[in-house]
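Below is one structure, written out as structure tokens; comments come after it.
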Amino acid sequence: MGFYFAQLLTGLANASSLFLIASGLSIIFGVTRIVNFAHGSFYMVGAYLAYTLVTHWSGSVLGFWVSVILAAMIVGVIGLIIELTILRRIYHAPELFQLVATFGVVLIFQDGTLAIWGAEDLLGPRAPGLDSAVRIMGEPIPEYDLALIAIGPVVLLAIWLLFHKTRWGVLVRAATQDREMVGALGVNQAWLFSAAFVLGSFLAGLGGALQIPREAVSLQMDLSIIGEAFVVVVIGGMGSVSGAFVAAVLISVLNAFAILIFPQISIVLPFVIMAIVLIFRPHGLFGKPGSEKGAPEEPDQPLALMDQKSAMVLMAALLVLALSPLFTADFTSVLMVDVMVATLFAVSLHFMMGVGGMVSFGHAAYFGVGAYGAAMAVKFLGLGMISAMLFGPVCAAIAALFFGWFCVRLSGVYLAMLTLAAAQILWGVTFQWQEFTGGDDGILGVWPAKWASSDKVYFYIAFVLCIGGIWALRRVAFSPFGYILRGIRDSQTRAESIGIDTRFHQWMGFVLAGGFAGLAGVVFAFSKGSVFPDSLGIALSIDGLIMVLLGGIHALAGPILGAGAFVLIEDWVTRLDYWRFIFGAIILIVVLVAPDGIAGGVQRLLRGLKGGRA
Amino acid sequence: MNLIRRTVLGALAALPFTGLTAGVSLAQDTIVLGEVNSYTRLPAFTEPYKKGWQLAVEQINAAGGIDGKQLEVISRDDTGDPATAIRIAEELVSKDGAVLIFGTFLSNIGLAVSDFAKQKEVLFIASEPLSDAIVWSKGNKYTYRLRPSTHMQAAMLAEQAAKLDAVKWATVAPNYAYGQDAVKAFKSELSKLRPDVEFVEEQWPPLFKIDAGSTVRALEASKPDAIYNVTFGGDLAKFVREGSLRFLFEDRDVASLLTGEPEYLDPLGAEAPEGWIVTGYPSTDITTDEHKAFADAYIEKFGEAPKTGSIVGYNSILAIAAALEKADSKDTDALLAAMEGLTVDSSPTGPFTFRAADHQSTMGAYVGKTGTVDGKPSMVDWSYADGADYLPSEDDAAALRPAE
């Protein structure tokens, strides 16, 4: 009995630290609708700052708690600076575009902390006065855990009081429900947004600072917490702080007990819980319908077919690409294959997001299933390259058929998070099921057939498959099916009222996008010769998302420009020291210069040029 | 504004091409070595490694190079992604004219590059990855590995663990291939030496995401006599702190893989556990002449004591230089022939040989106990364990490899 009670307390202590970071994320999303990837970075910086301050005032109880609060406040100020200089300028960009900016901030912070605090993990002192364990029912429980268990509910109470007893809090809640109306009533939204962002960053910093007595401060802290923080926010319901608390407790306590029975489960447990919750409660435990959507936007401009001049330019560009192996080195062909794979992947994701209106945070799942499908067809079924290349996309489409059925029942960020859960579950299975998938040692020896093994020949195979795939998706976007998808995206109610089965069409759109992502995965697998679970991982999904958003979600050319720019810039900057800082800075510049994505920026540029000439 | 936008976009558009057209080094008087590692993903381990090979390259070049030719290392960051590592390897070989590739830390990247080496027929010296698969189940003709493998280090620990009275063992390891290999090897080696031991509990926290409190409690619940630990880095710090808070290590023996390496031991500071049996690297405490010379030069150049990565990086270049000298050619076939059974007679850690049968080097590791010297965590009562003693015989090892 004592043992299980102690395990419960351990879970509750973890829940408190998870809650602190998730609550800030939830508040920021609730008010500003920003999906803040940089939240993990705030958490990490909070921990590093607290480490510096705590070691400076080492030993004194007051010094410790003052350091923690001070670190959190500094992070709040950093948040304010980011909000004022970057995010404020792009609130009117398309939905989720701000996510790209926060991604740039993540990269900059990674190199910034490395430069300031160095590479080695830093283990701070234990909390003065709370540095040992007390026995409860005979089991040792660290005093600091008990303190954390108390801090979580105290912070929750403080937030509750703030939101219910102050005018500012009332405005925040109002903004969470209806931003337009709050604006119409004469409330200064800009000020409200900044304040919410500062509060959110402060809480993230506090969460990080409070970790000092529990773990070594390291450069992995940002990415290792961010996924789980999002899961907590979504399970609780976007924008609901008490929901985040319940979700944090649920995840942490379940994990504390689950590892007693099935130690390997930790890898996917949060995502499994999220998937189950979302299937039964499409807006999370305490989310309100409508909490998933961003600010109301202007409806998209209808897609226009290309005029003759653009078509000729495009053809010329394709011709140059097709002939490039004749006049460039082998390595350029290899790089171009990577560009084409990324482009097809981004185009398939754009088909889902831009044309279908379904945001995906887990599109890499289908890319990876395609790659694994082909690799396993070679290894286990002994298929040749061509038949394996057909087999892969079919596997991806089947996976998309299965997961898509669940996903299309949701919308907005909840749909996106369910796709993420699906991807993480697939990743977990691939990672864990060593006998079948090779685990993280992957599958090796998936090289092209002899006749296709030269870089140049493989370039043409990739060219045909990728450019063919991109063309096919473009063709579909202009087919009746594409028009229906776009109709559903712009107004689901109207589409339904004219007798369209919206779910079925979205489902099929999901499957199509998944299948083509699988095709990209197949080309990828044979170009690299091996597949690893990374090809289904969050990192790749995020890369795809950044490509689409950076390129411009409202144009069919967007993902093409985005993917090309992303891969080529990355290939170039990784040669430099502190390349993440440079890459992040480039992304921020693009974001600020072209809030409608590269495609939008180019369009404006062309219009400007024409205007200038006239 | 418009002008600024145009300029910026134009500059952005032109950026990637500077990369595409960067000059190819064709100088005849240098030998280009390609190097890939996870510099941004795991800087704590790869930075000392980089310093190690930089020192060796500098020393060799200062002494006249190899056969009058200077060594030039082109070093790239793989960003922690195997696919990127392969693209970079391709570029190093086909564009930069690298005669061989060395480096990598993460096992999956090591495996990906080794498969690439096999396909493109180029020599790859896997400096740091520990995975047994690289030389055994997925070994190939073109891949050699320097650092003592998971199996070897686990066997070194098992030898010491067998001398303990402990019968009931619990294990904790990060949930990925390295952790799984390390537990499997330790179990089989220890069971060979001590058929009476039993393993009563295993915990598999996710890498770098350990829920240390719950894990410690789960281990405690099984009431083991001793614990075998494979966690490292941030996970280890959390595990040690939670474990000592909850008295997990009271009256229990602990055998811990790699924990004696400065990369992992130093950050623990005053909380470093006492009396754990560990493999690692006692750095400046090693007093052989070769090591003293190395350590002095290292400290003079970088102002800090060498770490495990440093010695691995340094020995990598020593091995490569020996191979180039023996082969007297930059040709892959000649290099492969030279690597077979190549012996490096003098290195800071003593002589080592690349076994012809399984391409594993016999470079060893140091086995000892953790302790505190002058308030700093360090290894005590250590001795050097020659890798050759912890490898299966060459015939047995050859049988573990796929047929060529």
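Per chain, numbering begins at 1; letters A, B, ... match sequence-line order.
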Checking B:Asp115 side chain against A:Gly445 main chain: does a donor-acceptor pair fall under 3.5 Å? yes
Look at the side chain of A:Asp534 and the backbone N and O of B:Asp81, then say whether any donor-acceptor pair between them is shorter than 3.5 Å. no
Contact between B:Arg87 and A:Val567 at the side-chain level, heavy atoms closer than 4.5 Å - yes or no? yes
Side-chain ion pair, B:Arg246 and A:Asp145, N-O less than 4.0 Å: yes
What's the separation between atom OG1 in A:Thr10 and atom CZ in B:Arg217, rounded to the nearest 0.5 Å? 5.5 Å
Step-by-step salt bridge (charged side-chain N to carboxylate O under 4.0 Å, His left out) determination, A:Asp455 to B:Lys120: CA-CA 11 Å; A:Asp455 291 336; B:Lys120 301 286 166 171; 3.2 Å; yes
Quick one: what part of A:Asp440 sits under 4.5 Å from any heavy atom of chain B, side chain, backbone, both or neither? both
A:Trp579: ring pair (Phe, Tyr, Trp, His ring centres under 6.0 Å) partners, not counting sequence neighbours: none
What part of B:Ser94 is in contact with chain A, defined as an atom under 4.5 angstrom from a non-hydrogen atom: side chain, backbone, both or neither? side chain
Side-chain (B:Arg241) to main-chain (A:Pro213) donor-acceptor, under 3.5 angstrom: yes
If one checks every heavy atom of A:Leu219 against chain B at 4.5 Å, the contacting part turns out to be side chain
Under 4.5 Å from any heavy atom of chain B, what part of A:Phe532 do you find: side chain, backbone, both or neither? side chain
Backbone N/O of A:Ile259 and side chain of B:Gln203: donor-acceptor pair under 3.5 Å: yes
Go through the atoms of A:Ala133 and report whether side chain, backbone, both or neither lie under 4.5 Å from a heavy atom of chain B. both
